[in-house]
Student: 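Take this structure first; my questions come after.
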Amino acid sequence: MKVRLLGSSVHDTARRQYVTSYLINGVVGIDAGSTGFHGTPQEQEAVEHVFLTHSHIDHTASLPIFVENAWTPTEGCPTIYGSPQTLDAVQKHIFNDVIWPDFVALSRNMPPFLRLHPIDPEMPLEAAGLRFTPILVHHVVPTFGYVVSDGHSSVIFGADSGPTHRIWEVAHQTPNLRAVFLEACFPNSLSGLAKASLHLTTDMFAREVAKIPPGVRIVAIHIKVRYREQVIRELKALGLPNLEIGECEKDYEF
Ligand SMILES: [Zn+2]
Ligand SMILES: [Zn+2]
């Protein structure tokens, strides 16, 4: 399985991660923070499935642009998966004929722009030869982390979440778990903000890592850009043996 953490900044050699989107094997997206600002329209058209973790804009910002770029006058179109609450939010607040045309309604009368596919927690489904299992995590809006398996290896995308439990239980039952992409939003000095917004500080990150099976690669992502250097210093001081700092535009092989 090839996972790319997409870049999200313009003319930035440091490739700071302002928003969140991943591409798996070039054909499945997890979140769409910057998917619509990535590569050519043809590369975007190749992304036939997008799994949303939640409705927050750093995870959905480019979704309307992506849907437009991927459109061709055929019956093919991307399928957007998410919880009913996430898909409702996307319809109500993005494709609402104010922020962006109602591509959901337009798709009923012309070659479609997108299909919305609600999914339920812990009900696995297959897409592009991969198996996706959504697991509820603990954030300020309904949020899914995803366990993704290709039959040889499995990877967990932890999504935005404060301290949580169920997804780590599932991690212990997941065969061939190779990696967890885990948020490390805030430095320890901003623990009040982390608790209020249901994100993790570095110390909270370490407590989540202790719940994950040993030996699994832990990739720290979603580090708030303004505090990036501080968070990375604190993460390195934890001395965790399997820890990597996530890098935008890097291909991860699992
Ligand atoms: Zn969020
Ligand atoms: Zn976020």
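Reckoned from all heavy atoms, side chains included, excluding hydrogens, waters and symmetry mates. Just so you know, ligand 1 is whichever comes first in the structure, and atom 1 is the first atom listed for that ligand. Please read all numbers here as calculations on a predicted model, not as lab measurements.
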Student: So do Y22 and D31 actually touch side chain to side chain, heavy atoms under 4.5 Å?
Tutor: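 D31 vs Y22: side chains apart.
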
Student: Does a side chain donor of either H54 or D160 reach within less than 3.5 Å of an acceptor in the other side chain?
Tutor: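 Checked: H54/D160 side chains pair up, N/O donor to acceptor below 3.5 Å.
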
Student: Holding to side chain to side chain contact (heavy atoms under 4.5 Å, CB included), I want the full list of residues that pass it with V19, two or more places apart in sequence or in another chain.
Tutor: S8, S34, D58

Student: Can you count the protein N/O/S atoms lying under 2.8 Å from the Zn ion (ligand 1), leaving waters out?
Tutor: 4

Student: Using side chain to side chain contact (heavy atoms under 4.5 Å, CB included) as the criterion, list what pairs up with N188, not counting sequence neighbours.
Tutor: T201, T202, D203, E234

Student: Which pairs with one or both residues in residues 217-241 pass ring pair (Phe, Tyr, Trp, His ring centres under 6.0 Å), sequence neighbours excluded?
Tutor: H59-H222, H199-H222

Student: Can you check whether G36's main-chain N or O pairs, donor with acceptor, with Q44's side chain at less than 3.5 Å?
Tutor: yes

